[in-house]
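Chain identifiers are assigned alphabetically (A, B, ...) following the order of the sequence lines, protein sequences preceding nucleic acid strands; residue numbering begins at 1 within each chain.
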Number of protein chains: 2
Amino acid sequence: MTLASLVGARRSALAQRLSHYLRLTSDEMDAIDALEHGDRRLPAGATLIDQDGPVDMLYVVQHGWLHSSLRLPSGGRQILRFHYAGDLIGTSSIAWSQAAATLTAVSDCIVSAVPKPALGELFATQRRVGGLLFAVSAAENVAMADRLTSIGRMDSIQRLATLLLDITARLRVTAGGVVDTIELPLTQADLGDALGLTKVHVNRTFREMEARGMIARHGRRLTILHEAELKAFTGFVDRYETVATEWLPAAAA
Amino acid sequence: MTLASLVGARRSALAQRLSHYLRLTSDEMDAIDALEHGDRRLPAGATLIDQDGPVDMLYVVQHGWLHSSLRLPSGGRQILRFHYAGDLIGTSSIAWSQAAATLTAVSDCIVSAVPKPALGELFATQRRVGGLLFAVSAAENVAMADRLTSIGRMDSIQRLATLLLDITARLRVTAGGVVDTIELPLTQADLGDALGLTKVHVNRTFREMEARGMIARHGRRLTILHEAELKAFTGFVDRYETVATEWLPAAAA
DNA sequence: CGCGTAGTTGAAGGACTTCAACACGTGTGG
DNA sequence: CCACACGTGTTGAAGTCCTTCAACTACGCG
């Protein structure tokens, strides 16, 4: 038992996330909390990690959201995914000592640093948690595959609709309860970089979706009007709702 | 020590792959070999797992290659990635009990079945191997991000070039030595589904690349003529060459 | 030899891009 | 306090890349 657990201090967002999938013992939660070595506050727009720069840390998102992106030789940019509270990010530093992607804060954020060896220790000492992290990583892989499919095989309306559904689904987890209106801190240029479109065409797509009554916008506030229809239309599946855990061994004594 | 290791029987392709990244103890290799419960032989074109079908197994590719794909409500198909000897596939079954994607044999294949609980046991008993699998999964994530960027932000020539470079790089690992000519068992329709293009346009792109002297084709045999230039042109990076392991704990005694 | 699959080509059309201009809101310095 | 700059959003017109449709060729296999 750590002091944190005795005094009931707030758990790491990672521990909260993982306990959503699996009932963790307090030893396991303590071990996850103990990964973190210091918080870092990021204003919206700040860069946490820069592509091709050296990295020896991972981070846990505690609050706010970020995105990871790749810069192209030709000058373009592709936004790869968005990261929310409870996500373990910068995992490319696990496989290499150079960052594969750039991490940028979308909103004001708080992230906690995790040294790589601490994660190694977690795999060694907590029998189940490593497996659970692997499962979450597999789920993220599938979510990325969905994005790939969206960009490779759908038109601009479906692409944008899928992304908006994805963002609202993820934001709801932290917001709690039913939310159908979200505050989007992304520019249309950002959305274009995420969708493989130009900002001009993102704008036209927004207006077309409004004209069809799919969404409503007021400034940066965006409302999805017919969510069920939109999900059917795009074939959207929330990959983060559940993760199977029955295959994991029992927790260590 | 298992019998297999005593008599020097062939190691699982997964053990071979992992020992490329990290010097494994014979205990660790035995544990990895012990994951596998029976081989399965697949002719080219056969389906190993069908999207939305039930799954309770993972597979290790021992020989040949496969691809995973998603079918769209609209009838289209997106090929997500190719899997080669040493890959652990069907990992979406780790996170759910339904398959997220379809797995299809590209060439004649041999795969070994791995029950999910066996993998859980591996995470519990082999301190380092779980972490290594997590690192490999992180690398796969980045490779997928590269594909996403390719499809989202590149024109057809760059997309096709990137894919061809990727395939030759991966095939070389098993072929061993320098190979600049590969036998492509993929149809142009397959390539289109992988690249987010139509088969017609894949054909035109091939011919354009030939005309520019980038590649040569004779039937299904394909030669990359100026690999270095092509890599610079596309910004291709082989994400599987190395995986950092210095952060892993020491092997169990 | 004929049939099916894969590859190839042309012509027309459409989705998205590019370029360019303007509108709007916000913050900052004169 | 207003002028101005700047980032973001919006719109039009022209152009490009890729798709669609349709036909035809080449190849392998019964």
Terminal contacting nucleotides, 5' and 3', DNA chain D versus chain B (heavy atom, 4.0 Å): D:dC18 to D:dC21
Taking only residues two or more places apart in sequence, or in another chain, which ones meet A:N203 in a side chain to side chain donor-acceptor pair (under 3.5 Å)? A:Q188
Result for 5'-nearest mapping on DNA chain D, choosing between B:T198 and A:R217, is A:R217
Give the intermediate values and the outcome of side chain to side chain contact (heavy atoms under 4.5 Å, CB included) for residues B:L197 and B:L160. CA-CA 10 Å; B:L197 299 169; B:L160 182 51; 5.8 Å; no
Closest listed nucleotide, where the reference is the side chain of B:R204 and the choices are C:dA6, C:dT18, C:dA11: C:dA11
Honestly, is A:R170 close enough over A:F82, meaning NZ or CZ under 6.0 Å from the six-membered ring centre and within 45° of the axis? no
Ignoring backbone atoms, establish whether B:N203 has a side-chain N or O less than 4.0 Å from OP1 or OP2 of C:dG7. no
Grab the CG-C1' distance between B:D193 and C:dA6 for me, whole Å please. 14 Å
Which residue in the set A:L66, A:I89, A:L171, A:V61 passes side-chain contact (heavy atoms from CB on, under 4.5 Å) when paired with A:Y84? A:L171
Between B:E227 and B:K231, is there a salt bridge with N-O shorter than 4.0 Å? yes
Quick test of your reading of the model: are B:D56 and B:K116 salt-bridged, counting only N-O distances below 4.0 Å? no
N/O donor-acceptor pair, side chain B:R153 with base C:dT17, under 3.5 angstrom: no
Closest approach to the side chain of B:Q188, judged atom by atom: which nucleotide of C:dC16, C:dG7, C:dA20 is it? C:dG7
